[in-house]
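Positions are given from 1, in the same order as the sequence printed here. Computed from a prediction, not measured in an experiment: that's the story for all the values here.
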Amino acid sequence: VWLSTCDGFGALGRIAMRVVGWPTLGARRALSTAPHMRMWTPSDLVVFYDSPWASWMDRLASEEPLHPLVQQRDAPDPFLSMLGRKGTAGEREVTRKLFVNLGLDVADLSSASGASPRERAAVTQQALLDRPDVIYQAPLAAGEFHGIADFLVRTDLLDGEWASRRAAAVGAGARLIGGPTAPLSPGRYTVWDAKLTRRARPQQLIQLCCYAEMLEQMQGALPETVALVLGGSDAKITSFRLADHLAHYRSLRRRFLRFQSRYDASAGPPMPPSRSAPAGAWRGLADSLLLQRDDLRLVARLSRRQATLLHATGVATVTELARLTPDQAVPGIDPAGLSRLRRQAALQLEYRAAPEKPPPFETLPWSSGVGLSLLPWPSNGDLFFDLEGFPLAERAPGV
């Protein structure tokens with residue numbers, strides 16, 4: 001369907017876009033032969049990359065939503081919800097600035113229908129056959145994964161007239177970094193993903209690799225490059241050679257699928273992460289389980305190596321560490337360090353027994369050249385300046 005206006009696309013106003021909703025029979029057949037299996041998303045892969053424990057809990061929540069542990073999921077974070085809304089607005093702004101305003105044919109698949117991920121991906125399969133310049137919100141599915149790519153961009157456009165016009169548009173209020181460096185193939189597509197961050201992160205490249213592999217199964221060829229459109233409306237475009245990142249991604253994917261194949265809800269969750277490690281939407285539950293276990297990793301400034309050495313001597317809890325006598329030794333930990341850890345554990349247990357009281361503390365002896373002793377002596381000319389930053393603030397050109 002050709003539309004001269006696209007009310008569902010908000011600020012885009014009067015534009016030429018195709019809104020595609022249902023594939024042809026041939027496109028549906030192309031994806032219907034895959035056997036039924038549980039499917040994962042690029043976001044699932046990123047959760048596992050950050051925290052296997054959170055990945056385990058997410059699966060428990062999806063399969064047993066009434067499980068007592070699932071009821072302890074963290075409350076929704078208003079800031080993350082705001083980021084989601086801002087991210088959607090940023091995708092629309094990128095579509096308007098980089099594609100629609102430059103006269104490209106954009107197929108909008110945001111309303112693609114279908115009872116399953118593979119049926120929705122068949123809408124993209126049909127769009128790939130129709131060969132628009134850009135496919136927006138493209139459902140993808142292949143093997144064990146499915147997801148929605150922000151943009152599929154025809155590779156034969158990336159070094160033509162549109163590239164020059166795009167560079168001019170970017171220069172008007174954004175920056176262009178990098179670009180396709182590999183041979184371009186007519187009729188093929190590559191993946192672009194819009195992100196609010198101003199710098200690329202490993203998690204974003206993992207998602208791009210996953211989208212690219214799904215696209216390979218649907219168009220018969222793997223893109224040579226993929227791209228991130230960073231900074232929201234700032235539109236800084238950074239491209240990456242897939243060959244530089246696929247090995248790491250495929251190793252992660254194998255570990256993820258192996259981890260999921262061994263999932264057993266009856267065995268209970270794996271060891272919760274420490275307070276300094278990511279826990280996804282389960283931070284409160286992880287901390288609660290650590291407290292129930294009186295886990296040694298609760299001791300502040302305890303390193304992983306020190307925890308391993310303590311476990312080797314039979315010290316596995318905060319209480320056991322606090323009860324060590326001053327003359328007890330742990331091979332591999334110097335006496336002064338062990339004394340500090342023992343006193344730290346005792347202070348934490350004291351606070352745990354009476355949390356309504358001010359936290360107990362010990363004043364460390366003065367030591368020249370350490371800690372606060374490094375500060376200069378007070379002066380009447382001292383100024384105290386507190387500078388706060390907002391990660392989503394729009395940066396003016398030249399700032």
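Put simply, the side chain of Arg73 does not reach to within 4.5 Å of the side chain of Met57, judged on heavy atoms. The shortest side-chain heavy-atom distance between Val106 and Pro132 does not fall under the 4.5 Å cut-off. Side-chain contact check for Ser116 versus Met39: every heavy-atom pair is 4.5 Å or farther apart. Side chains of Ser62 and Arg38 form a contact here, defined as non-hydrogen atoms less than 4.5 Å apart. Using a 4.5 Å cut-off on side-chain heavy atoms (C-beta onward), Arg85 and Met82 make contact. No side-chain heavy atom of His248 sits less than 4.5 Å from a side-chain heavy atom of Ser251. Residues Ile148 and Tyr136 are not in side-chain contact: their nearest non-hydrogen atoms beyond the backbone lie 4.5 Å or more apart. Side chains of Tyr211 and Leu152 form no contact here, defined as non-hydrogen atoms less than 4.5 Å apart.
Side-chain N or O atoms of Ser339 include none that pairs as donor or acceptor with a backbone N or O of Pro335 at under 3.5 Å. In this structure a side-chain-to-backbone donor-acceptor pair under 3.5 Å is present from Arg59 to Gln260. Under the 3.5 Å distance criterion, the side-chain polar atoms of Thr190 are left unmatched by any main-chain donor or acceptor of Pro223. With hydrogens and angles ignored, the 3.5 Å screen pairs a side-chain donor or acceptor of Thr308 with a backbone N or O of Arg304. Checking side-chain atoms of Gln348 against main-chain N and O of Val318 turns up no donor-acceptor pair under 3.5 Å. Side-chain atoms of Arg120 come within 3.5 Å of backbone atoms of Gly114 as a donor-acceptor pair (strictly under, hydrogens ignored). Not a single donor-acceptor pair under 3.5 Å links the side chain of Glu91 to the backbone N or O of Ala194.
Between Tyr263 and Trp56, the angle of the ring planes lies from 30° to 60°, which puts this pair in the tilted group. By the 30° and 60° cut-offs, the orientation of the rings of Phe259 relative to Phe48 is tilted. Using cut-offs of 30° and 60° on the angle between ring planes, the pair Phe256 and Phe145 is tilted.
Gln203 CD to Asp50 CG: the interatomic distance, rounded to the nearest 0.5 Å, is 4.5 Å. With values rounded to the nearest 0.5 angstrom, Asp74 atom CG is found 10.0 Å from Gln72 atom CD. For the atom pair CZ (Arg198) and OG1 (Thr238), the distance works out to 12.5 Å, reported to the nearest 0.5 Å. Atoms CG and CD, on Leu242 and Glu224 in that order, are 8.0 Å from each other to the nearest 0.5 Å. Considering CZ of Arg297 and OG of Ser303, their distance stands at 13.0 Å, rounded to 0.5 Å. Separation of atoms CD (Gln125) and CD (Gln219) is listed at 9.5 Å; rounding is to 0.5 Å.
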After noting the C-alpha distance and the side-chain angles of Phe99 and Phe151, does the key distance pass the ring pair (Phe, Tyr, Trp, His ring centres under 6.0 Å) rule? CA-CA 10 Å; Phe99 306 129; Phe151 307 101; 5.2 Å; yes
Side chain to side chain contact (heavy atoms under 4.5 Å, CB included) assessment of Thr41 paired with His146: CA-CA 5 Å; Thr41 68; His146 73 97; 3.6 Å; yes
Run Thr95 and Asp108 through side chain to side chain contact (heavy atoms under 4.5 Å, CB included) and show every step you take. CA-CA 10 Å; Thr95 306; Asp108 177 10; over 6 Å; no
Could you please spell out the steps behind the side chain to side chain contact (heavy atoms under 4.5 Å, CB included) verdict for Trp53 and Leu289? CA-CA 12 Å; Trp53 187 81; Leu289 293 177; 3.9 Å; yes
After noting the C-alpha distance and the side-chain angles of Arg255 and Leu252, does the key distance pass the side chain to side chain contact (heavy atoms under 4.5 Å, CB included) rule? CA-CA 5 Å; Arg255 288 187 284 116; Leu252 175 68; 3.6 Å; yes
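Checked against side-chain hydrogen bond (donor to acceptor under 3.5 Å, both in side chains), Glu213 has the following partners two or more places apart in sequence or in another chain: Tyr249, Arg250, Arg253. For Ser274, the side-chain hydrogen bond (donor to acceptor under 3.5 Å, both in side chains) partners two or more places apart in sequence, or in a different chain, are Ser276.
The salt bridge (Lys or Arg N to Asp or Glu O under 4.0 Å) pairs that include a residue from residues 349-364 are Asp294-Arg352, Arg343-Glu362, where partners are two or more places apart or lie in different chains.
Between Met271 and Arg293, the shortest heavy-atom distance links the atoms SD-NH1, 3.0 Å. In plain terms, the two heavy atoms of Leu196 and Gly87 that are nearest each other are CD1-N, 3.9 Å. Residues Pro331 and Thr313 share a closest heavy-atom pair of CD-CG2, 3.8 Å. In terms of heavy-atom proximity, Thr363 sits nearest to Phe361 at OG1-CE1, 4.0 Å. In plain terms, the two heavy atoms of Ala212 and Val226 that are nearest each other are CB-CG1, 4.1 Å. Nearest heavy-atom pair, Ser51 versus Pro273, reported as atom, atom and distance to 0.1 Å: OG-CG, 4.4 Å.
Within 6.0 Å of atom CG in Leu80, more than 12 heavy atoms from other residues, nucleotides or ligands are found, so the atom counts as buried in its surroundings. Crowding of Asn380 atom CG: a count of heavy atoms from other residues, nucleotides or ligands under 6.0 Å not exceeding 12.
In the model, Ser55 has no side-chain atom that pairs as donor or acceptor with a side-chain atom of Asp58 under 3.5 Å. A donor atom on one side chain and an acceptor atom on the other are not found under 3.5 Å apart for Asp193 and Gln204. For the residue pair Arg92 and Ser110, no side-chain donor N or O sits within less than 3.5 Å of a side-chain acceptor on the partner. Side-chain polar atoms of Gln344 and Arg301 form no donor-acceptor pair below 3.5 angstrom.
Only one option out of Leu215, Val153, Asp156 pairs with Tyr189 in a side chain to side chain contact (heavy atoms under 4.5 Å, CB included); it is Leu215. Of the candidates Leu230, Leu98, Leu228, Ile237 forms a side chain to side chain contact (heavy atoms under 4.5 Å, CB included) with just one, namely Leu98.
Val330 and Leu341 fall within the same hydrophobic cluster, defined by Ile, Leu, Val, Met, Phe, Trp and Tyr side-chain heavy atoms under 4.5 Å apart, directly or through other members. Tracing side-chain contacts under 4.5 Å through hydrophobic residues (I, L, V, M, F, W, Y), one reaches Leu60 starting from Leu257; they form part of the same cluster. Grouping the Ile, Leu, Val, Met, Phe, Trp and Tyr side chains by contacts below 4.5 angstrom, directly or via other members, places Leu296 with Ile333. Under a hydrophobic-cluster definition in which Ile, Leu, Val, Met, Phe, Trp and Tyr are linked whenever side-chain heavy atoms come within less than 4.5 Å, directly or via other members, Val47 and Val70 are assigned to different clusters. Placement of Trp282 and Leu291 in two distinct hydrophobic clusters is found when ILVMFWY residues are connected by side-chain heavy-atom separations under 4.5 Å, directly or transitively.
The existence of a salt bridge linking Arg275 and Asp295 is excluded, since no basic side-chain nitrogen approaches an acidic carboxylate oxygen closer than 4.0 Å. For Arg96 and Glu93, the salt-bridge test passes: some basic side-chain N is under 4.0 Å from an acidic carboxylate O.
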